[in-house]
Amino acid sequence: MFLTVTARPTPLAPDSAPISLPEPFLRWFAGHGWAPRAHQLELLTKAEAGASVLLIAPTGAGKTLAGFLPALVDLHRRGRPKTGARPRGVHTLYVSPLKALATDIQRNLERPVAEIGLSVTLETRTGDTSQVRRQRQKLKPPDILLTTPEQLALLIAGKDAADFFSDLRYVVFDELHSLVTSKRGHLLALGLARLRKLRPELQTIGLSATVSEPAELCRWLVAQNQRTGDGITADADADAAAELKPEADLITVAGGARPDIQILDSEERVPWQGHTARYALPEIYAAIKAHRTTLLFVNTRSQAELLFQELWRINEETLPIALHHGSLDVGQRRKVEAAMAKNELRAVVATSTLDLGIDWGDVDLVIHVGAPKGASRLAQRIGRANHRMDEPSKAILVPANRFEVMECRAALDANYLGAQDTPPLRDGALDVLAQHVLGMAVAAPFRADDLYDEVTSAAPYAGLPRETFERIVEFVATGGYALKVYERYAKIRLTEDGTWRLTHPRFAQQYRMNAGTIIEAPMLEIRLVRRRTAAAIARGGRALGKIEEAFLETLSPGDTFLFAGEVLKFEGIFETTCLVTKAASEEPKVPYYGGSKFPLTTYLAKEVRAMLADPARWHALPDQVRDWLSIQKLKSVIPGPDDLLVETFPNAKLFHMVLYPFEGRLAHQTLGMLLTRRLERARAMPLGFVATDYAISIWGRRDMGAMIAKGSLPLDALFDEDMLGDDLESWMADSWLLKRTFRQCAVISGLIEKRHPGQEKTGRQVTVSTDLVYDVLRAHEPDHILMQATWADAATGLLDVARVSDLLARIKHHIVHVDLDQISPLAVPVMLEIGRESVVGEARDADLREAAKEAMIAMAMGEMAGE
Amino acid sequence: MNALARRRAQLGCEALEMALAGERVACDPAGVLYLAAENCLVVSDLHLEKGAAFARRGMFLPPYDTAATLSLLAACLDRYCPARVVCLGDSFHDVKGAALMPAGERASLRSLMAGRDWIWIAGNHDPEPPVGIGGETLAEVAIGALAFRHEPSAGRRRGEVSGHLHPVAQLAGRGSRRACFATDGERMILPSFGVTTGGLNVLDRAFHGLFDASRALACMIGHAGIYPVRFGALSAG
C-alpha cells in the first residue's frame, strides 16, 4: 500500500517553491509521523502552476499519492457545492490499464480521504460495473472516477459527455508506459484528445515506471500540432508542427534498494522442455511455508491452474493458498483481492491480471515460475514484493526447463543492470482511428476539418495525412470500397450543413457493444452443477468464470479439464453456458492451453546467446545445466554470440536440421515457414518443422547435411536476406500471420462486429470468416485502406518479422554448420516438441492421398454402400 | 494459400465418380456435383450477395463476393455444359439479395442461366423465389432415384442430396480443414460453394444420425484433387 511508503521522513527538495499543502493534509501527514516526499510536492507545485506532468518513479515511491495529491488539494479548496447548484461533473479522471488496479487504487485512496476529512466521492467504472450504477454515475458524477481506456471511449461517445466532463480538471494515467505501446494506448490518446476539446484547460498527470524515452511519454500527455489560428497556410502549419512538439514537465525519482533475487537451485532434475516446473513443487512449497505472504507469478492461465492444483495436492498444512486470473468470475476475484488486502492468505497464484502496480497486503516473497520473458516484465514483477523502497525486495525465479535456467540467469543480470526493454511507440493504428471516428459520430455530428485537427493533436496521430483521414471517414461511412455499391447503407452521411451524421440510432448501439481494442476469442460462461439434469440445466449453477469457445469445442461430454483450481467434467454446452460437474479423478484428461505466451525479448535473447557463448559464465548456472552445455561442447559446437549454429543429423528414418537463433517462437515460426519453402525449392524434401522460443527443427526425406557438404544446398543462399523480399511478401500475403492481423483490424475498425444487437443470446455467432473476407478483398482490392492498416500492423507491430530481418543480417557470414551422426544435447528440447505441435510445410495433398487410400480400395472392391 | 486462388486451381482437376443410391454421380473438386445421365449440375449454398446482406446491417464486407462466386460457377458450367442446374438453396444470403442485386452481377447470373433449365431450391436464407431473376423455385425436386432439397431430413434417407450444413473435414492429427462432400453411398450433403461461406465439421452433432457411420465418407477437396476419407480417420477439429 502506498501509505506505508512515506514511513521515513524525506527532506524537501531544497530548490522547491513554497508548498501550498493545506492544513488538514499537513496534519494528516504529521499525525502518521510522516512527511510528504519531495517529488510529491514538486508534482503538486507544477500542477498548481497549470502544467501537465510525467512522474517516473520506481514501485514503492509513493507514486499513486503523488498523482492524486493535486486533485485532492484542489477538491479540498473547492469545498462543497452550494445547495441548489447544478450537480458538478467529474473533477478527476483516473485511467488504468487494469480493472483490478482501478479497484485497488479506490480502496487505497478511501482511507486518506476519510482520515484527512475530505468530502470527496470516489467511484470506479469498469466492465464489471452494473448498468444501474453506470446510470447513477451519469446523473450524479463522482468527484474522482477511476476507469479503463474502454470505458473512457464509451463515456466520450455519450450524448451527455460535454456535461459529464464540464468540470474536469485532471486526468491521471497510471502505468502509462504499458498503456501507450498498444492499440489501447492509441484509443486512449484519441479519447484524451476529445477530453481536451471538451475542456481545453484540463491537465494530465502521467505515472510511469522507468522508460528509455521519457520524452515520448511527455509528448503523449499534451496536445500536439496545435494550430495557431492566425491564418497561416497549411504547409507552413505543417512545418511549424514538425518543429513544435510540446511536452509535459518531467519529474524523475531514482530507483530504490536493489532487489534480492535468486534462481531456484533445485536438488531435482531440471526438465528438458515443458512449462510446468512440476519438479520444483516441494521446494516452492517450502518457500511459501518460510514466508508470511508469497505471490506466485506464471505466464499463462493454464500454468496458473496447474500450479495451483499441484500446490494443493501437497498442501499438508492446508495453508490458505488462492488463485487469481482474468477468466475467473469477478466475485471470486474480488474475494481473493479482499482476503489478500487483509493479509489472510499465505500465497496467491496469479497471471498477468495481477501484473502491474497493484500493491496488496504484506507480500514478502515473489516467486516467478517459468521464463520471465523480458527484463521489463521481470522488474515489474519483482517490484511487487515489499513495497518499501528502502528495503530490498525478495524474489525466487523457478525456471521450468533448461533453456529457461539460462534465460532466468540473463534476466537476473539484466535486472541488476537496470536494463529496460519497453517496445518502441508506433504511429497510431488506422483501425483504432476508424472505431473512434464512428464513436465521435455517435456523440454528435462532426465536421471533418474539426475532427482531423482534434485527432492530430493526439501524439500517435500527429503525423496522420489528411488523405488517409478522409479514407478512414469513407471507410466508416460505407466501407470505403472502390466499387461504390453500399451508399444506401451508409452508417454516417455528409449532410447539407457540412457535418457527418449517424444515419440510424441502431449504429450507436452497435458501436457501444463493440467499442474497445481488446480482441478476445469468443468466451462461454462456465457453471458448475451437481448433476446433468434438465432442472440443473435450467437453473444454471455457480458461475466459475469464462473460457474460450474454441477450447470447449474440442471437448466431448465426459472429458475432464482443469479450471478455477478444480478438475471439472464437461457436460455440454447449453446456449451460451458450458455446464460442468466435479470430476471424480484428480488427473484432467485434456490439457488446456499450453505453451508460453510472451516472446523472448530482443534484449534477453542477446543476453542468453552471450551467456551460452562464454563458458566462463557457466559457473553461475546449476551443475546439471552446466554439464549439459559441456557435453554439447564435446559432441557438437557451442556457437559464438553472433553465430547461428546449424546442426544436421539423421533421426528415426528422417533427416533433421536444427538451428538455434534464440529469437522467440513467433519469429521462429516465420523463419521456419520461409526456410521450408526454400528447402522445398532446393529439393531437400522438407516434411515439417517445429519452433520453440530457442530453436527450430526442420525435418525431411533427404540428408540435408550431405547436401550442404556437397554444395547442393549452400547455407549462405538458404539464409540470404532476400528471403524477406519476394519470399516473405508472397508468403506473408497468404499467411496466417497477416490473416490474424487482418482479423484484428477488421474487428477493431468495425468491419466485423464482435457482438450484434439482438444476437447476444444466440451465443455462437461465427457469422463470417475473416480469412475468407481477406482472400476476397486481397484478390479484388489489394489497396483497400484496411489492407493498408493490416500491412502497417504486420510490418511495425509484429516484432517477429523485424526480428527475422535483424537475425538474417546478424548471421550473415556467421553460420556454423555441424553434421552429426546423431542428435546433439542442445537439440534435445526442440526434438521433444516434435509431435506435440508441428507445422506442415507448404500445402500438398500427400496426407489426404494417404488417408484416402483405404476408402479408395474399398470403393474399388465394391464394398461401399450403393455399389 | 489464398482461398480464391486455390478454388481456381481446383477447377480443372479430375472429379471423383461414385454410386449414390444406385445413380452414378461425379463429385467435382470445384465443389459441384454432376449427374452425367441427366446432364445435370448441382450446386449448393451459393450465398450470393452475402457482402450486401451484411452491409444492410452495418458491416461493410467487401462487395466482391458475388462476382467471385459467379465466375467460379461460370467455369463449372463451361466444363460440363449442363442442360439443367439445381441450386440446393441458400443461393442468396438473404431475402433482399436478389431484388437489390447490382445490375452487373444480375446480368452475369442471367447469362449463366440462359438456355438452361434452372431450379432454385428454397433455403432457409432464401425461402422465397428470387425477385427478377427467373428460374423455377421448388422446395424439393426428384431426378432419377435422387431427391434434392436444402436441409437434410432427420434420420437416414436413401437418395437424398442436400446442402445447408456446409460440411468440412479435417484429418486426424494434422492438416487444415477442407470442404467436402459427405456421403455414405445412400445420401449426400454438398459443400457450400459461395466464396465467403464457412464450414461445419462433419463430426459435429448436426451430422449425427444422418449417415451409416461405418460407411460414411468425407470426399475432401485438396489442392489438386478430391479424396474420399472415412469418418474414422477424421478429427473433430
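So you know, we letter chains A, B, ... as the sequences are listed, proteins then strands, and number each from 1. We use all heavy atoms of the structure for the numbers below, so side chains are in, but hydrogens, waters and symmetry mates are not. If you're wondering where the values come from, they're calculated on a predicted model, not measured in any experiment.
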Query - side-chain contact (heavy atoms from CB on, under 4.5 Å) assessment of B:Leu100 paired with A:Tyr489 - result: CA-CA 12 Å; B:Leu100 298 176; A:Tyr489 310 127; 3.6 Å; yes
Q.
For B:Tyr64 and A:Tyr481: C-alpha separation, side-chain torsions, deciding distance, then whether side-chain contact (heavy atoms from CB on, under 4.5 Å) applies.
A. CA-CA 10 Å; B:Tyr64 306 113; A:Tyr481 297 103; 3.9 Å; yes
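Note that CZ of B:Arg57 and NZ of A:Lys491 are 11.5 Å apart. Values are rounded to the nearest 0.5 Å. Atom CE of B:Met59 and atom CD1 of A:Ile752 lie 6.5 Å apart (nearest 0.5 Å). The CZ atom of B:Phe60 lies 6.0 Å from the OG1 atom of A:Thr478; values are rounded to the nearest 0.5 Å.
Both the backbone and the side chain of A:Ala482 come within contact range of chain B, each with at least one heavy atom under 4.5 Å from a heavy atom of that chain. Both the backbone and the side chain of B:Ala224 have a heavy atom closer than 4.5 Å to some heavy atom of chain A. For A:Val485, the part sitting under 4.5 Å from any heavy atom of chain B is the side chain, from C-beta outward, and nothing else. If you measure heavy-atom distances from B:Ala52 to chain A, the contacts under 4.5 Å come from both the backbone and the side chain. Only the backbone of B:Thr197 has a heavy atom closer than 4.5 Å to any heavy atom of chain A.
Of the possible donor and acceptor atoms, none in the side chain of A:Asp775 sits under 3.5 Å from a partner among the backbone N and O of B:Leu4. Between the side chain of A:Tyr486 and the main chain of B:Leu61, a donor-acceptor pair closer than 3.5 Å is present.
The candidate from B:Cys219, B:Ala67, B:Ala55 with the greatest count of non-hydrogen atom pairs under 4.5 Å with chain A is B:Ala55. Among the candidates A:Gly479, A:Ala852, A:Ala746, the residue making the largest number of heavy-atom pairs closer than 4.5 Å to chain B is A:Ala852.
For B:Arg156, the salt bridge (charged side-chain N to carboxylate O under 4.0 Å, His left out) criterion is met by no residue, not counting sequence neighbours.
Counting all heavy atoms, side chain and backbone alike, A:Val776 lies closest to B:Asp65 at CG1-N, 4.2 Å. Shown here for B:Arg56 and A:Arg506, the closest heavy-atom pair between the two residues is O-NH2, 3.3 Å.
Counted within 6.0 Å of CZ on A:Arg493, heavy atoms from surrounding residues, nucleotides or ligands total more than 12; the atom is thus considered enclosed.
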